[in-house]
Amino acid sequence: MSGVDLTVKIGRLTLKNPVLVSSGTFGYGREFADFFDINRLGGIITKAITPQPRPGNPPPRTVETPAGLLNAIGLENCGLEAFVREKMPYLKTLDTAVIVNVAGASEQDYVDVVRRLAEEDGVDGFEINISCPNVKEGGIEFGTRPEPAAALVGKLRRETDKTLIVKLSPNVTDPCEIAEAAEGAGADAFSLVNTFRGMAINQETGRPVLGNRIGGLSGPAIKPLALYQVYRLSLKSTKSIIGMGGIFNTADAMEFIYAGADAISVGTANLVRPTASLEIVEGLEAYCAARGVGRIGDCVGRAHE
Amino acid sequence: MSGVDLTVKIGRLTLKNPVLVSSGTFGYGREFADFFDINRLGGIITKAITPQPRPGNPPPRTVETPAGLLNAIGLENCGLEAFVREKMPYLKTLDTAVIVNVAGASEQDYVDVVRRLAEEDGVDGFEINISCPNVKEGGIEFGTRPEPAAALVGKLRRETDKTLIVKLSPNVTDPCEIAEAAEGAGADAFSLVNTFRGMAINQETGRPVLGNRIGGLSGPAIKPLALYQVYRLSLKSTKSIIGMGGIFNTADAMEFIYAGADAISVGTANLVRPTASLEIVEGLEAYCAARGVGRIGDCVGRAHE
Amino acid sequence: MKYFLKAKVRENTVLSEGWHALRIECPEIAASASPGQFVQLRAWEGASPLLARPIGVAGVPAAGEILLWVQRVGDGTRLITGLKAGDAISVTGPLGRGFTMPAAGETVYFAAGCVGAAPLRFVAERQQAGVKSIFFYGAGTQCDTVAPLADPVISGMEVVVTTDDGTCGEKGFVTDALRSALKNKKPDRILACGPMGMLRAVAALAAEAGVKCEVSMESHMGCGLGACNGCVVSVKDGTGKKYAHVCTDGPVFDSDYIDWEAF
Amino acid sequence: MKYFLKAKVRENTVLSEGWHALRIECPEIAASASPGQFVQLRAWEGASPLLARPIGVAGVPAAGEILLWVQRVGDGTRLITGLKAGDAISVTGPLGRGFTMPAAGETVYFAAGCVGAAPLRFVAERQQAGVKSIFFYGAGTQCDTVAPLADPVISGMEVVVTTDDGTCGEKGFVTDALRSALKNKKPDRILACGPMGMLRAVAALAAEAGVKCEVSMESHMGCGLGACNGCVVSVKDGTGKKYAHVCTDGPVFDSDYIDWEAF
Ligand SMILES: Cc1cc2nc3c(=O)[nH]c(=O)nc-3n(C[C@H](O)[C@H](O)[C@H](O)COP(=O)(O)OP(=O)(O)OC[C@H]3O[C@@H](n4cnc5c(N)ncnc54)[C@H](O)[C@@H]3O)c2cc1C
Ligand SMILES: Cc1cc2nc3c(=O)[nH]c(=O)nc-3n(C[C@H](O)[C@H](O)[C@H](O)COP(=O)(O)OP(=O)(O)OC[C@H]3O[C@@H](n4cnc5c(N)ncnc54)[C@H](O)[C@@H]3O)c2cc1C
Ligand SMILES: Cc1cc2nc3c(=O)[nH]c(=O)nc-3n(C[C@H](O)[C@H](O)[C@H](O)COP(=O)(O)O)c2cc1C
Ligand SMILES: Cc1cc2nc3c(=O)[nH]c(=O)nc-3n(C[C@H](O)[C@H](O)[C@H](O)COP(=O)(O)O)c2cc1C
Ligand code: FES
Ligand code: FES
């Protein structure tokens with residue numbers, strides 16, 4: 001191999017490389033197994049899990065916008081028990097970090113999921129989704145003010161020694177305030193950004209296109225906005241950061257790493273090219289090798305210099 | 001003509017049609033006079049004026065992102081006196097609404113500009129820019145919390161009977177809170193959105209591309225986000241709304257009108273096609289005529305139904 | 001097994017205004033695709049359009065290649081129909097659940113609207129001897145009937161054509177023709193693909209006649225892989241399930257599983 | 001007067017790898033453009049690339065048309081160089097302030113780096129009789145010298161070529177050749193266009209030799225009209241002005257007005 005050290009630490013976890021795949025865009029991993037060996041990834045982040053199954057929002061659930069994708073899936077998922085029964089057996093066979101994205105309508109919902117999975121072998125960490133813009137019960141009230149965020153994270157911290165990643169919303173004046181509160185309550189790491197609230201209107205009928213009216217914007221359109229949020233948080237927080245938002249290729253990934261992300265996560269790009277994340281794993285290695293970078297970690301935060 | 005009534009009211013002003021051009025993208029009007037008769041527009045909004053001249057930020061000041069433009073101009077302008085001396089004479093010859101965008105580092109700065117221009121014949125209204133993301137002194141502290149916004153607007157209200165439009169920042173948890181405060185203090189109308197804070201990083205050097213490091217994103221990329229902000233404000237506020245953000249053609253303009261904008265403003269599109277705004281004036285008329293809409297005002301807010 | 005391939009266009013023929021037949025070289029997909037399945041196509045760089053476009057497989061005209069019928073409606077299909085022989089195209093597939101293949105001795109009615117003929121053509125191509133079938137085909141006007149009527153597979157069958165304006169075949173909807181036929185003889189199954197309004201009408205006819213019916217549904221597709229939950233349609237079943245994924249549960253569904261009132 | 005026109009490509013010729021000569025039909029602009037001015041081009045729909053691309057006018061080869069030399073470096077220039085005769089292109093112009101035209105009896109040195117030869121070619125095309133001029137041209141390697149050397153206007157002058165690798169003309173930089181020439185004879189003016197590093201070096205040579213020098217600057221262009229304040233370069237003048245607009249104050253500036261240390 002090239003001899004480049006791609007390993008990174010995210011909270012209590014060491015990833016073999018900094019490339020993750022984002023919640024809601026990679027299913028439970030198996031959906032992509034035909035296309036490449038997903039053990040090549042640094043890790044995978046599952047679709048959000050809630051205690052009970054959720055049917056999700058009425059269609060249409062997605063609409064394309066310039067260089068972006070609006071979605072209002074509404075946290076459709078099979079629920080905690082079905083997840084353990086149907087998805088965990090496969091996840092346990094993986095030789096890559098498995099991070100479960102957790103969502104809920106109440107503190108208790110989050111606690112239920114984390115408690116149940118805390119002792120599961122195949123789960124390496126949790127991404128606490130307090131930033132879903134698409135459902136009233138999507139935890140967004142925990143994501144917009146510091147106090148509820150801290151209270152929630154504190155409760156979850158008591159449930160598990162596994163890595164707790166708090167996923168931040170960009171739809172607030174200052175995500176760093178939420179991060180600071182969560183850090184104080186025991187968060188190990190942060191991931192950002194979740195989608196930006198947006199909408200599209202049918203120009204003939206004048207009505208919202210999405211069944212849910214409002215959705216969250218992802219994809220290349222939001223990359224500059226996401227980069228700024230990562231840059232800003234990394235100025236203030238010493239915790240690990242997983243950067244995401246519009247990462248489609250190696251150059252995009254490096255932008256986030258330079259902005260201060262310890263790891264990056266590929267979302268919408270998985271829908272466009274199923275092998276996008278693997279291409280970035282290989283691309284980062286080639287990027288470092290070509291420039292004599294021995295450790296990808298040395299690039300983190302260079303934009304701050 | 002087609003018999004479509006395109007007039008709209010914005011605060012105390014009646015515009016001949018709902019198409020404005022956005023601050024910072026249309027200079028002081030004259031720059032576009034070679035291309036079309038700018039009196040065809042509903043109005044023009046000038047580049048930000050500050051009491052003293054400002055040189056602006058170091059270059060590079062712009063960089064393209066997917067379907068977007070990041071800028072960090074830094075409120076470069078010739079200052080209040082030069083504006084009155086050099087720009088007002090031309091603006092006075094216009095037969096369309098002239099709205100002056102006002103920025104500053106302190107309440108006094110805003111007061112100075114509004115007071116000086118309050119009695120000027122050629123000025124029909126003010127757009128109070130409390131949302132420039134690109135300079136520390138860009139008024140953003142007035143745009144992120146309700147109290148300073150209300151205090152500032154209150155002071156300005158005492159200076160003028162002309163229409164006071166408050167330009168809102170989308171970089172906050174809830175622009176409606178700021179709007180509510182400003183409304184209470186006497187604002188006649190709101191315009192939104194200003195740009196979204198963002199950045200780009202050079203993938204070779206790892207350094208920010210913009211001279212100012214951070215900039216504001218405009219263009220088609222932000223259209224879904226801007227639409228949502230307009231939709232949300234129009235649910236809560238009874239004041240006139242000028243919608244903007246990524247409007248490039250008639251269909252985009254109609255989306256904002258359906259979302260709840262009484263008028264719309266064309267920004268980045270002016271840089272791409274100097275005649276974009278005129279095309280939209282003509283396009284709105286044709287849109288209404290083709291669908292038997294007698295008054296464009298009847299379309300406002302249809303997305304809420 | 002699903003594949004994500006950089007494939008090559010072998011041939012792109014205009015069958016009628018805006019209706020193209022593309023033959024694409026992708027041996028793995030050609031070898032495993034079954035009628036009713038689809039592929040996701042992307043033939044451009046950059047971010048617009050962002051997502052790949054779903055297109056049904058219309059046949060396997062020669063070893064190693066698939067046939068697609070693509071109608072130009074927006075940017076994605078404009079770029080796809082603009083390809084030339086030799087151009088590269090990414091193809092993900094085969095995806096989804098296809099039609100139940102008619103068994104020997106069965107009678108099947110195909111109900112196709114416009115380019116919805118594509119996946120049904122593939123059923124016909126694979127159809128074994130001893131199946132009796134009628135191909136009901138509806139379009140707006142004559143020019144949209146050129147492609148299917150000139151096709152060797154379709155024209156080898158009994159075909160009933162309707163057009164909205166009467167410029168080809170009977171004037172009326174494909175469901176009018178189907179309704180008359182159902183009065184004469186009930187098939188073992190109706191297989192339908194076309195615009196939503198037509199599918200709903202076909203489903204209603206089938207229910208009325210008590211004939212099994214399968215419909216190929218469309219929706220805004222994200223991943224095409226069952227990973228993003230973006231592509232749902234409303235369904236009704238005993239278990240209270242509300243939505244099904246077009247990309248993996250479908251695109252072909254039993255017509256009585258679809259909640260037609262939700263559309 | 002500035003125009004925004006839907007113009008037509010008359011001819012697109014590849015002069016060398018990635019270096020195209022486009023002749024564009026736009027009578028209004030052809031009639032009024034002066035050497036050193038530029039146009040903003042857009043030859044695509046949709047949002048990527050978003051902005052129009054600035055390209056200097058390289059000449060007016062025939063009544064009603066302008067000549068452009070475009071080097072392919074990214075998406076915008078790829079789309080522009082991909083145009084065919086008859087294709088539509090939006091052109092805004094003529095824009096900016098051009099070069100001071102040499103007067104009869106004056107001696108002028110042109111210093112061009114790569115495709116920076118374009119606007120200088122236009123100066124040469126318009127040059128009146130009785131001007132003595134030498135065209136210093138520098139490029140990386142031989143293939144980038146094909147276009148200017150084959151050009152009738154440029155090849156009609158005294159030309160000194162340098163290449164970084166010595167595959168054509170002298171090995172070295174254009175400034176090496178210019179330095180030697182300045183030792184022999186000081187011209188009335190140097191007119192320069194090319195990469196930033198070269199311009200800086202030319203400006204230093206000119207200052208040292210006490211020769212007037214004009215440089216054509218580049219920057220990320222927004223409107224091209226003086227309306228957005230996006231295109232500034234750092235300048236130094238007595239009044240404390242810090243920035244000038246490339247699109248309206250330039251693109252051509254006196255070289256001692258530019259604050260070279262800011263780059
Ligand atoms: C499973 C499946 C199989 C398909 N098979 C075929 C096929 O074999 N041949 C074929 O030509 N088309 C087929 N389609 C439809 C095709 O995917 C769409 O026409 C295409 O995605 C439109 O993309 P565009 O960029 O050209 O248009 P867009 O710019 O996305 O849209 C242009 C117009 O088309 C409408 N439109 C967009 N997507 C769809 C859609 N899924 N269905 C109906 N209207 C749409 C839009 O509302 C808009 O008015 C299939 C769709 C699905 C889901
Ligand atoms: C006043 C003026 C006159 C010009 N005249 C000509 C001309 O006659 N012929 C010609 O071929 N080019 C000319 N240029 C340069 C031309 O505008 C750029 O090469 C072009 O805009 C790049 O666009 P793109 O989309 O192809 O590349 P992008 O995708 O925008 O960029 C590709 C690469 O080129 C670099 N680049 C982008 N813009 C510039 C720039 N302005 N200068 C240098 N590098 C850049 C980028 O950093 C990137 O590395 C001129 C520029 C200006 C400002
Ligand atoms: C279809 C879709 C579904 C998503 N579902 C979830 C989810 O369940 N939980 C979550 O935290 N984020 C979810 N997200 C957000 C992504 O994980 C990611 O934060 C966001 O899309 C930005 O990254 P991108 O631009 O690379 O897609 C979803 C995004 C998309 C596009
Ligand atoms: C180059 C540039 C300069 C701008 N300058 C100002 C300004 O001086 N004052 C202001 O309130 N907004 C300014 N804006 C913001 C625009 O007025 C507008 O709010 C924003 O660009 C969103 O609209 P758009 O996407 O149509 O451009 C500027 C935007 C751009 C692109
Ligand atoms: S398109 Fe992603 S789940 Fe169906
Ligand atoms: S490009 Fe807009 S001011 Fe120069």
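All chains are named by letter (A, B, ...) in the order of the sequence lines, taking the proteins before the strands, and each is independently numbered beginning at 1. What's counted below: heavy atoms across the whole structure, side chains too, no hydrogens, waters or symmetry copies. Just so you know, these numbers come straight off a predicted model, no measurement behind them.
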Top contributor to chain C contacts, counting heavy-atom pairs under 4.5 Å, from A/Ala269, A/Ala33, A/Pro55: A/Pro55

For [X], look at atom [atom1] and say whether over 12 heavy atoms of other residues, nucleotides or ligands are found less than 6.0 Å away.
X        : atom1 : value
C/Glu261 : CD    : no
C/Phe173 : CZ    : no
A/Gln52  : CD    : no

Options C/Ser90, C/Gly226, C/Ala227, ranked by heavy-atom pairs under 4.5 Å with chain A, top entry: C/Ala227

Residue C/Thr92 versus chain A: region with a heavy atom under 4.5 Å: side chain

Which portion of [X] sits near chain C, non-hydrogen atoms under 4.5 angstrom:
X        : result
A/Pro53  : neither
A/Thr268 : side chain
A/Phe36  : neither
A/Pro220 : side chain

Residue pairs involving residues 44-69 of chain C (criterion salt bridge (Lys or Arg N to Asp or Glu O under 4.0 Å); sequence neighbours excluded): A/Glu64-C/Arg53, C/Arg10-C/Glu65, C/Arg23-C/Glu65

Sequence neighbours excluded, every pair satisfying ring pair (Phe, Tyr, Trp, His ring centres under 6.0 Å) that has a member inside residues 36-66 of chain C: none

Beyond-backbone contact of C/Tyr243 with A/Asn57, side-chain heavy atoms, under 4.5 angstrom: no

Backbone of C/Asn229 reached by a side-chain donor or acceptor of A/Arg61 within 3.5 Å: yes

Nearest atoms (heavy-atom pairs only) where [X] meets [Y]:
X        : Y        : answer
A/Pro59  : C/Val232 : CB-O, 3.4 Å
A/Leu271 : C/Cys228 : CD2-CB, 3.8 Å
A/Thr275 : C/Phe4   : OG1-CE2, 3.2 Å

Contact listing (chain C partner; residues 25-32 of chain A; heavy atom under 4.5 Å): A/Thr25, A/Phe26, A/Gly27, A/Glu31, A/Phe32

Non-neighbouring partners of C/Phe110 that pass ring-ring contact (aromatic ring centres under 6.0 Å, His included), sequence neighbours left out: C/Phe135

Nearest-0.5 Å distance that lies between atom OG1 in A/Thr62 and atom NE2 in C/His220: 6.5 Å

